[in-house]
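In what follows, a structure is listed as structure tokens, so that the remarks can point back to it.
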Amino acid sequence: MSSTFQAPKGVKEYVPPQAEVFQAVRAAFAEQARLAGYGYLELPVFEDTNLFKRGVGESTDVVSKEMYTFEDRGGRSLTLRPEFTASVLRAVLEHNLHRQGGLPVKVWTTGPAFRAEAPQAGRYRQFYQLDLEAIGSEDPQVDAETIAIAAGWYRSLGLTRVRLLLNSLGCRECRPAYRALLQDFLRGLDLDEATRARIEINPLRVLDDKRPHVRAQLAGAPLMADHLCAACKAHHDTVRSLLADLGIAWEDTPTLVRGLDYYTRTTYEFDHPLLGAQSGIGGGGRYDGLSEDIGGPELPGIGFGLGLDRTILALEAEGVAFDAAPRCEVFGVALGEEAGRRVFALVAELRRAGVAADLAFGGKRLKGAMKDADRSGARFAVILGERDLAAGEAQVKELATGEQTAVPLTAIVPTLTERLSR
Ligand code: HAM
């Protein structure tokens, strides 16, 4: 019987052993970010509501329908972050990181994000992202670097089925003309009221409509890729050739439109074919106008947000046995009170020596304690009975083989450290 309470609807939480995989997957990302010179940021979970309205865009579903907004006791409107990019840029500007050294400012962060979506497999109201941003450079090498970091992380986890979908959304020079052209085309189609309204507010999103009768009509729609200005086209061609140099495969996807308003030029998504409807396991792109949108200087940027929850689902779907670091390497088993005190101290000593160690609590009998030892996943059990204690030794048992040897109590820590390193 569980308690009266359950976690709120649609939130994703992790408990052992899956939580250890979660942590290890996140640690693997931290390593990729470190290798590429990205510093870590720790940011608030809520922000001024207007940051997201102005940054992410009021016409997006994320802002208009999915934000958890509340008033604090001082009457300020705050919102649980639905994404990280606007917060990262806000923090970079607020702390003047863009004035403290060479550009781009390279940072990453992680934690929960919140969107009031209809929950389903892979879609949660509290979910986890790994977010990485490079702010202050227009160099296409930076675009390719971010993609390479994400791709390198997926590879390091052992995922082999991840697809990279790539597009360019143009810039403030070439997009307005394309947008008008697209609107003209869309206005001529047979669409419902809500979609017709969308044509006027955010026509590019209509290209993303998944309904078959809409899809069928979109076949001849003009595509941004065919209307890029010379500078955007050159930028896009360079990004693609850099990816080719790095041996990263991608699929040109001219219909790829992202759900947030700030994107310009390079946009991409990582997709996993085994995840069904929620197959987007990560996404990102340039946001060269976002800084000005939130009242900052002209400061181009690019980055991505990778969905940790969906990545873990992808690992499960591909059957990748992701080895988290063992929770326990040595398990202490004592028979009798005096032996119990010695084992308790021995376990503390093992931990000080860097060995993950645990023990049976509650004065269990041998059979129950050995069951705990097996369940712990430890490689060795240290068993101390009253006779061992009198002889000044303990039994070290390798749990997989059952092989057991007597080791002097004073030599337990060095012996186990040595045997664990073999
Ligand atoms: P996004 O595509 O909205 O982009 O989210 C990034 C990733 O977060 C998605 O690909 C997905 O894996 C995961 N995700 C989003 N919503 C949910 C949900 N409700 N449940 C589970 N997972 C979810 C952004 O958020 C941008 N800020 C990315 C970015 C960074 N662009 C530039 N810099």
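These values consider heavy atoms only, across backbone and side chains, with no hydrogens, waters or symmetry-generated copies. Both ligands and their constituent atoms are indexed starting at 1 by order of listing. When a residue number appears, it is its place in the shown sequence, counting from 1.
Within the structure, side-chain hydrogen bond (donor to acceptor under 3.5 Å, both in side chains) pairs that include any residue of residues 354-370 comprise Lys364-Asp372 (at least two apart or interchain). Within the structure, every pair that satisfies the side-chain hydrogen bond (donor to acceptor under 3.5 Å, both in side chains) test and touches residues 179-190, not counting sequence neighbours, is listed here: Asp184-Arg187, Arg187-Glu200.
The closest side-chain heavy-atom distance from Ile248 to Leu242 is not below 4.5 Å.
For Trp108 and Phe29, the ring centers are positioned less than 6.0 Å apart.
With Tyr262 as reference, Thr85 is the one residue of Thr60, Thr85, Asp288 to meet the side chain to side chain donor-acceptor pair (under 3.5 Å) rule.
Scored by the salt bridge (Lys or Arg N to Asp or Glu O under 4.0 Å) test, Lys371 finds no partners at all (sequence neighbours excluded).
Within 4.0 Å of ligand 1, protein heavy atoms come from Glu83, Thr85, Arg115, Glu117, Gly122, Arg123, Tyr124, Phe127, Gln129, Asp131, Glu133, Arg258, Leu260, Tyr262, Tyr263, Gly280, Ile281, Gly282, Gly283, Gly284, Gly285, Tyr287, Gly303, Phe304, Gly305, Gly307, Arg310.
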